[in-house]
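Please read the structure below before turning to the comments.
Naming convention: chains lettered A, B, ... in sequence-line order (proteins, then strands); numbering from 1 in each chain.
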2 protein chains.
Amino acid sequence: MTSQPLPIASANGIATIAALIGDPARANILSALMGGQALTAGELAWHAGVGAPTTSGHLAKLSEAGLLAVERQGRHRYYRLASPDIAQVMESLMAVATAGPRRHRPPGPKDEALRTARTCYDHLAGRLGTTLADRMNERGLVILGDGGALVTGSGHDFLSGLGLAFPDAGGTRRPLCRVCLDWSERRSHLAGRLGAALLSCSLERGWIVRIPDSRAVAITEAGSQGFATVFGITPELLAADSSLAVG
Amino acid sequence: MTSQPLPIASANGIATIAALIGDPARANILSALMGGQALTAGELAWHAGVGAPTTSGHLAKLSEAGLLAVERQGRHRYYRLASPDIAQVMESLMAVATAGPRRHRPPGPKDEALRTARTCYDHLAGRLGTTLADRMNERGLVILGDGGALVTGSGHDFLSGLGLAFPDAGGTRRPLCRVCLDWSERRSHLAGRLGAALLSCSLERGWIVRIPDSRAVAITEAGSQGFATVFGITPELLAADSSLAVG
DNA sequence: CCGACGTTTCGTCCGCGGCCGAAGCGTTCG
DNA sequence: CGAACGCTTCGGCCGCGGACGAAACGTCGG
């Protein structure tokens, strides 16, 4: 009837972004970068499962589209997700992708490390992440809803006392506190600037260390003590069968 | 080195979903369905900008992948987004797509209706949506954070008094209250089961009516009065240049 | 200064997938 | 009962884009 549908604000832009994510090799690259670390082109080629030249082309496209940021360092080039918004897209895609026909995925030992503690882009996930959120909720530092979270006044004071500041990240409109529903625990953990601060703080203090070639992190001796004294997270709370005790 | 990177939980599934959204015609279809209404295959063909046979193929793929739900009615087939999760993906994609190089988009008269009041999947957006969220926040019915929102006790009582119940939507883990950052206002409005209830309630009471072939809605006489008495939203609050008065 | 390494560019091949026209099925109306 | 309509299926065309090998560029080490 009428000439053409109104060119919906960047419906074409949506297709462009989605098409970039829609290639298996590129999806692997982006998934690998969801670990939060910057990775070299070579490492990403390994994750992508294709050759170096092909990977280079993919990385160029992703960078030009603004999905990735690149940083030259010697003869390496480090790529990382360009913004938390990109991570948000990947996160929502994972929710859809895993929501489908619940394929039985036998949890191997490799998974166990991931389920205990891992990074989710720039914040903590796994049982450590969800337990941390729960404890902070119980102590009134944050209020945890199913669709969002808020930092309370006392929570802000508490975190300031830990030396955690929340810079506005250079004018970006990134939320202070978000929740992120993760695929393994099916429970919420803290994201946003707060989640990022908690992760970087934990890394700086040596409470956790990254496990190479994986999104999993290991909790150190200092971390075991630190999480217990500061947040009241005992190792028992992180036990693998805690779900059995609850359910 | 090692044989292959661990087959990341459904990284391939992510690519599949994203590739489906990544086609311009399909992106147009999904964008059109973000209005929240179920549309026929013919209407979607018009939105997609391709012929009927091609559209049929797209719809079959989207349905089989679980992105769309279809309902036969006479000789029509009505398609709608299969779940709020899908809407969440589209929402996050829009955030990325519009965040890019801020192309100057001169607001035409068509846009003005959209900016005033429109649907965003199954809840209200535009100035009506953001103002509604603000007023409920000021009145202590909800607490609005930048990364989430919570319904207070008094808010729950108030809404129950309006006859709004919040069924758990058939066991799905859909949040009661989410925020949705929209592209035009750059401010938060209420989504989740609460947002859906507010929209359907407004439609049932005849406070708003859908404008055909558009995501915009018009506020009726009854609506103008209803929003004012129940939520304290006066027409002045919805004026186009309210941002000027504030900024 | 030369070789090893990481990364990109170029050229080529090839297969997937979107698009349409024509035809087939089911429904609704005159 | 036949025509119009909505939608889908089929067949064929064609172009985009991902894959690799070979080679060029740039950086680090001996």
Side-chain angles (χ1 to χ4, degrees), chain A residues 1 4-5 11-12 14-33 37-65 67-80 212-213, chain B residues 1 4-5 11-33 37-65 67-80 213:
Chain A
M1 181 64 100
Q4 266 296 88
N12 212 340
I14 290 178
T16 305
I17 308 286
L20 283 170
I21 309 176
D23 177 80
R26 287 194 292 255
N28 282 329
I29 288 173
L30 291 166
S31 294
L33 291 173
Q37 292 184 100
L39 300 176
T40 68
E43 290 169 315
L44 290 172
W46 179 75
H47 280 102
V50 295
T54 306
T55 303
S56 180
H58 288 318
L59 292 174
K61 281 176 186 150
L62 291 169
S63 300
E64 192 179 7
L67 299 190
L68 296 186
V70 58
E71 199 170 343
R72 319 189 41 152
Q73 198 161 328
R75 58 181 165 183
H76 296 284
R77 297 206 179 173
Y78 283 91
Y79 290 88
R80 58 179 173 80
D213 287 340
Chain B
M1 182 62 99
Q4 267 296 87
N12 213 340
I14 289 178
T16 304
I17 308 287
L20 283 170
I21 309 177
D23 177 79
R26 288 193 292 254
N28 282 329
I29 289 173
L30 292 166
S31 294
L33 291 173
Q37 292 183 101
L39 299 176
T40 67
E43 290 170 315
L44 289 172
W46 179 75
H47 280 101
V50 295
T54 306
T55 303
S56 181
H58 287 319
L59 292 174
K61 280 176 186 154
L62 290 170
S63 300
E64 191 179 8
L67 299 191
L68 297 186
V70 59
E71 199 170 343
R72 319 189 41 152
Q73 198 162 328
R75 57 181 167 184
H76 295 285
R77 296 205 178 173
Y78 283 90
Y79 290 88
R80 58 179 173 81
D213 288 342

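- No donor-acceptor pair closer than 3.5 Å links the side chain of A:Ser56 to the backbone N or O of A:Ala52.
- Between the B:His76 side chain and the B:Arg72 main chain, no donor and acceptor come within less than 3.5 Å of each other.
- Atom-to-atom, CG of A:Leu62 to P of D:dG17 comes out at 14 Å; the value is rounded to the nearest Å.
- Between the CG atom of B:Leu68 and the C1' atom of D:dC7 there is a distance of 16 Å, rounded to whole Å.
- Between the C1' atom of C:dG18 and the NE2 atom of B:His58 lies a distance of 6 Å, rounded to the nearest Å.
- Residues B:Ala45 and B:Gly51 approach most closely at CB-O, 4.4 Å, considering heavy atoms.
- A pairwise comparison of heavy atoms in A:Ala27 and A:Ile21 identifies CB-O, 3.5 Å as the closest pair.
- A distance-only check finds no donor-acceptor pair linking the side chain of A:Glu64 to the backbone of A:Lys61 [under 3.5 Å].
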Produce a footprint string for nucleotides 3-12 of chain C: one letter per nucleotide, 5' end first; B if the base is under 4.0 Å from any protein heavy atom, S if only the sugar-phosphate is, - if neither. -BBSSBB---

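- B:Glu71 has its CD atom 17 Å from the C1' atom of D:dG6, to the nearest Å.
- Non-hydrogen atoms lying under 4.0 Å from DNA chain D are contributed by nothing in residues 19-27 of chain B.
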Go through the steps to decide whether A:Leu44 and A:Leu33 satisfy the test side chain to side chain contact (heavy atoms under 4.5 Å, CB included), and finish with yes or no. CA-CA 8 Å; A:Leu44 290 172; A:Leu33 291 173; 4.0 Å; yes

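- For residues 18-27 of chain B, the side-chain hydrogen bond (donor to acceptor under 3.5 Å, both in side chains) pairs, not counting sequence neighbours, are B:Arg26-B:His58.
- Rounded to an integer number of Å, the gap from CZ of A:Arg72 to P of D:dC25 is 15 Å.
- Of all non-hydrogen atoms in A:Ala41 and A:Tyr79, the two that sit nearest each other are CB-CE1, 4.1 Å.
- Atom CD1 of B:Ile29 is separated from atom C1' of D:dC7 by 13 Å (rounded to the nearest Å).
- In this model, the phosphate group of C:dG17 is not approached by any side-chain N or O of B:Lys61 to a distance below 4.0 Å at OP1 or OP2.
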